[in-house]
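By convention in this document, chain letters (A, B, ...) are assigned in the order of the sequence lines, proteins followed by strands, and residues within each chain are numbered from 1. All figures in this text were calculated on a predicted structure; none of them were measured in a lab.
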Amino acid sequence: MSIIVRFAPSPTGFLHIGGARTALFNWLFARHHGGRYLLRVEDTDRQRSTKEAVAAIFDGLDWLGIESDEPPVFQAERIGRHQEAVRRLLDAGHAYRCYASVEELEAMRAAAKAKGVPARYDGSWRDRGVAEAPEGVAPAVRFRAPQSGRTVVRDLVQGEVVFDNGQLDDMVLLRADGTPTYMLSVVVDDIDMGITHVIRGDDHLNNAARQTNLFKALGAEVPRFAHIPLIHGADGAKLSKRHGAVSVSAYREMGFLPEAMRNALLRLGWAHGDDEIISAEQAVAWFDLDAVGRSAARFDLDRLLALNAHYIKERPDAELAGLVAPLLKAKGFDLDATGRGRIEAGMGGLKQRARTLVELADNAVFYVERRPLTLKDKAGRHLADDAVRRMLERLAGHIVGLGSWDEAALESACRAFAGGEGLGFGKVAQPLRVALTGGTVSPGIFEVMRVLGRDEVLGRLEDAAQGRNLAERQGGRNLAAPQED
RNA sequence: GUCCCCAUCGUCUAGCGGUUAGGACAUCACCCUUUCAAGGUGAAGACACGGGUUCGAUUCCCGUUGGGGAUGCCA
C-alpha cells in the first residue's frame, strides 16, 4: 500500500514554525517512502478563516519548498460529503440530535469541574426522542461514542496510548447551523483522501482516540497516527504571538534562507546521529518516524543563525547578490551596473561575515555608497588626526601608479608603504579602512581595494585626506551590533 | 479538577544495560590576524529525585516532583 499523508492547516493565521515543521515531516515522510503528500485547508470555521491566511500559508510552504503532489483540498467545499456522513451515522444510530443550549453546556462543564469529574457533555440527549425537543431550537448532531471500554491509539511516535472511553464525550459533529466541525471533517476527508498516516502535533493526541471511534463508526480503516511533540517558545509554553517571531514569513523577512530554516526545523525533534548540517537530499534519504523524539523542543534563534551563516557561505556569490539587491534598494540604494558588479565581486568577503541576508545588505552598503562617504558611528576618530590624513595622502601617492590592481600587488605596496613610514601595518590599515568603507569593520582591506577599483579608492582616500567625509549616521540594524574597536 | 504526553550540558540532541555519557549552537580561553568575521585548538557544562528489577542502570518498571498538552457547536 502506498503512503499518503497530508498537512492540514487551519487558515486562521499565518504559517507558524510548528506548522511548518509538521508540514516538513509529512513531506519528508512521503518522499522517503515514495508516497504522496497532500495539502488540505481546514477552513470549516467560516468565522475565523481568511483568504489572507490561506495565501500566507501557501506562500510560506512554497518558500520552504514543501510542495504538494496535488492541488490543495478546501474542506469547506466538501460540506456535502460531511453532511452525508452524518446522515449515515444518524441512520445507523451512531449519532443523535442534541438540543442542549450553550448555557446548559456551560453549566454542565462548571458542575463537572466542581465535582472533580471529567468535564464533558453528559449525554442527556443520547436517548431522548425528537418529541422532547424544545421548540424553536435547532439541534446539533453529536457522535454516540462508546461509554465503556477503552480506546487504544497505536501511535508511531508516542507508542501505545490507552484512553478510557469514559473520558471521551459525545463530540459535536454538525453544529446547529448545519456546518461540520473539525472532528467530523478531518475524519471524513482523511477517509476520502485515502490518508494512510496522520502526522500532526501532539496537541491532537487526545483527538486521535475520539477520531478512532468515528473512523470505526464510519466503517473505515483507521489510519496510522504519529503525534509529534510541539515546538515551544523560549519559556517552554506552546507557541503563540507573545513569543515574538513565530511565523515563517517573519523569519524570511529577518533574512533567513529557506534551506537554513528547513534544516533548523528538521533538527527539532528529529536527529540522525551527530549530523547537524543536512541537505534536502539527505533529509529525504534519512527521515523516518522512528527517529522522531517524544519531548517538546524549544526553538533556538542562535542555532538558526549559525545554520543560516553556514548556508549563506554555501550560496554562489551571484545568487546572494541577487538576494541582497532588493534589500539594498529598500535602503535607498538602487544598484547600477557598477554597484551590482561590486556587490558580487565583494561577496566573497561579505558573506563570510553575515548571519542573515539583512546583515549582508547592511555590510554591503559601503560598496554602493556615493562619495563622500558618511562615517559610521565613532569611526571618524581614526581620521581626525591631521597627521593621519597626510599619511593617507602619501599612501594614495604610493599606490596611484601601481601596475596591477590585484590583492597581492596592493598588499605588498601597502606593507612596503607602512614600512617606509616606520609604522606597524595596523596603523595604516585601520585609517585606510575607515576612509574606504566609512567604518572600522569590513572585509579584508585589499579585497575592498580590489573591488572598489583604483579610481574609487583614490577618490575616497582624497575625501578622507581633505576631511570631506560626512558626520556619523545612525548605527546599523544588524542582529549583532557591530563592535567598536 | 480530570485525562494524556514528556524529562541527558543554558539550548537542540546522540545514547537503544557495561561509554572517560558523544556532537552541534551559545559561552570562555588561546592560535591565526589589517578590523570584524571565518577557521583551528582547548576549557567549562547534563543523565530531576526516590524506590525497585539486575552482577550492573542514563538506559527497564513504579512513584514523586517539574514541565507541557487536552478538556469548545476552534482547529
Side-chain angles (χ1 to χ4, degrees), chain A residues 8-12 42-45 47-49 75 98 100-102 105-106 109 112-121 138-142 153 155 158-159 161-164 166-169 171-177 179 181-183 185-186 201-209 227 229-230 232 234 236-238 264 267-277 293-307 309 313 349 351-355 363 411 414-415 418 424-430 432-434 437 439-446 480 482-483 485:
Chain A
S10 70
T12 51
E42 311 235 312
D43 52 357
T44 50
D45 184 342
Q47 261 66 257
R48 299 199 298 163
S49 298
Q75 206 156 48
C98 170
S101 67
V102 177
L105 293 174
E106 268 166 23
R109 274 192 287 274
K113 196 164 184 175
K115 271 198 287 183
V117 298
R120 52 191 275 283
Y121 172 65
V141 176
R142 284 182 186 271
V153 175
D155 194 280
Q158 306 291 341
V161 186
V162 181
F163 293 88
D164 205 322
Q167 293 295 328
L168 280 22
D169 67 350
M171 69 265 198
V172 170
L173 264 18
L174 232 40
R175 301 186 181 95
D177 65 3
T179 58
T181 60
Y182 157 78
M183 223 37 106
S185 47
V186 234
D202 74 7
D203 48 342
H204 283 290
L205 186 54
N206 292 279
N207 292 338
H227 289 92
L230 263 20
H232 287 164
K238 192 177 177 179
R267 286 289 288 101
L268 246 33
W270 179 85
H272 182 266
D274 285 338
D275 296 303
E276 299 290 349
I277 303 291
R294 292 195 288 179
S295 52
R298 301 183 191 208
F299 191 73
D300 184 14
L301 186 63
D302 280 330
R303 274 177 85 73
L304 213 213
L305 245 10
L307 244 13
K313 292 186 193 80
K351 70 181 179 183
Q352 210 64 47
R353 278 157 251 267
R355 295 183 301 172
N363 298 339
E411 172 154 15
C414 289
R415 285 189 187 282
F425 182 62
K427 293 290 184 198
V428 173
Q430 209 52 357
L432 175 58
R433 185 185 315 284
V434 174
T437 71
T440 55
V441 174
S442 82
I445 197 63
F446 307 118
Q483 253 119 45
D485 60 353

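Regarding Leu307(A), its CG atom lies at a distance of 19 Å from the P atom of G23(B), rounded to whole Å. One can place CD1 of Ile277(A) at 10 Å from C1' of C25(B), the figure rounded to the nearest angstrom. Atom CZ of Phe425(A) and atom P of U35(B) are 9 Å apart (whole Å). In this structure, Arg294(A) places its CZ atom 16 Å from C1' of A14(B), rounding to the nearest Å. Here the C1' atom of nucleotide U13(B) and the CZ atom of Arg267(A) are 5 Å apart, to the nearest Å. The distance between atom NE2 of His227(A) and atom P of C4(B), rounded to the nearest whole Å, is 15 Å.
Nucleotide C36(B) forms a pair with no other nucleotide shown, judged by Watson-Crick or G-U wobble geometry with both contacts under 3.5 Å. The partner of C47(B) cannot be assigned: no Watson-Crick or G-U wobble pair with both contacts below 3.5 Å exists in any strand.
Separation of the C1' atoms belonging to G45(B) and C5(B) is 29 Å when rounded to the nearest angstrom. Rounded to a whole angstrom, the distance from the C1' atom of C28(B) to that of U34(B) is 25 Å. Taking atom P on both nucleotides, G67(B) is separated from U27(B) by 29 Å, rounded to a whole Å.
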Check nucleotides 63-73 of chain B for protein N or O atoms closer than 3.5 Å to its own N or O atoms and list the pairs.
unit_1 : atom_1 : unit_2    : atom_2 : d
G68(B) : O2'    : His232(A) : NE2    : 3.0
G69(B) : OP1    : Lys238(A) : N      : 3.2
G69(B) : N2     : Asn206(A) : ND2    : 3.4
A70(B) : OP1    : Lys238(A) : NZ     : 2.6
A70(B) : O4'    : Asn206(A) : ND2    : 3.4
U71(B) : O2'    : Ala119(A) : O      : 2.8
G72(B) : OP2    : Arg109(A) : NH1    : 3.3
C73(B) : O3'    : Arg175(A) : NE     : 3.4
C73(B) : O2     : Ala176(A) : N      : 2.9
C73(B) : N4     : Ala100(A) : O      : 3.0

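Nucleic acid contact for Lys313(A): sugar-phosphate only, since backbone atoms but no base atoms lie under 4.0 Å from a heavy atom of the residue. Within 4.0 Å of Thr44(A), counting heavy atoms only, lie sugar-phosphate atoms of the nucleic acid but no base atom. At the heavy-atom level, Gly444(A) lies under 4.0 Å from base atoms of the strands shown.
For Asp177(A), the side chain to side chain donor-acceptor pair (under 3.5 Å) partners two or more places apart in sequence, or in a different chain, are Thr179(A).
Picking from C5(B), U34(B), C3(B) the nucleotide with the shortest atom distance to the side chain of Gln158(A) gives C5(B).
Using a 4.0 Å cut-off, no side-chain N or O of Arg303(A) falls inside it from OP1 or OP2 of A26(B).
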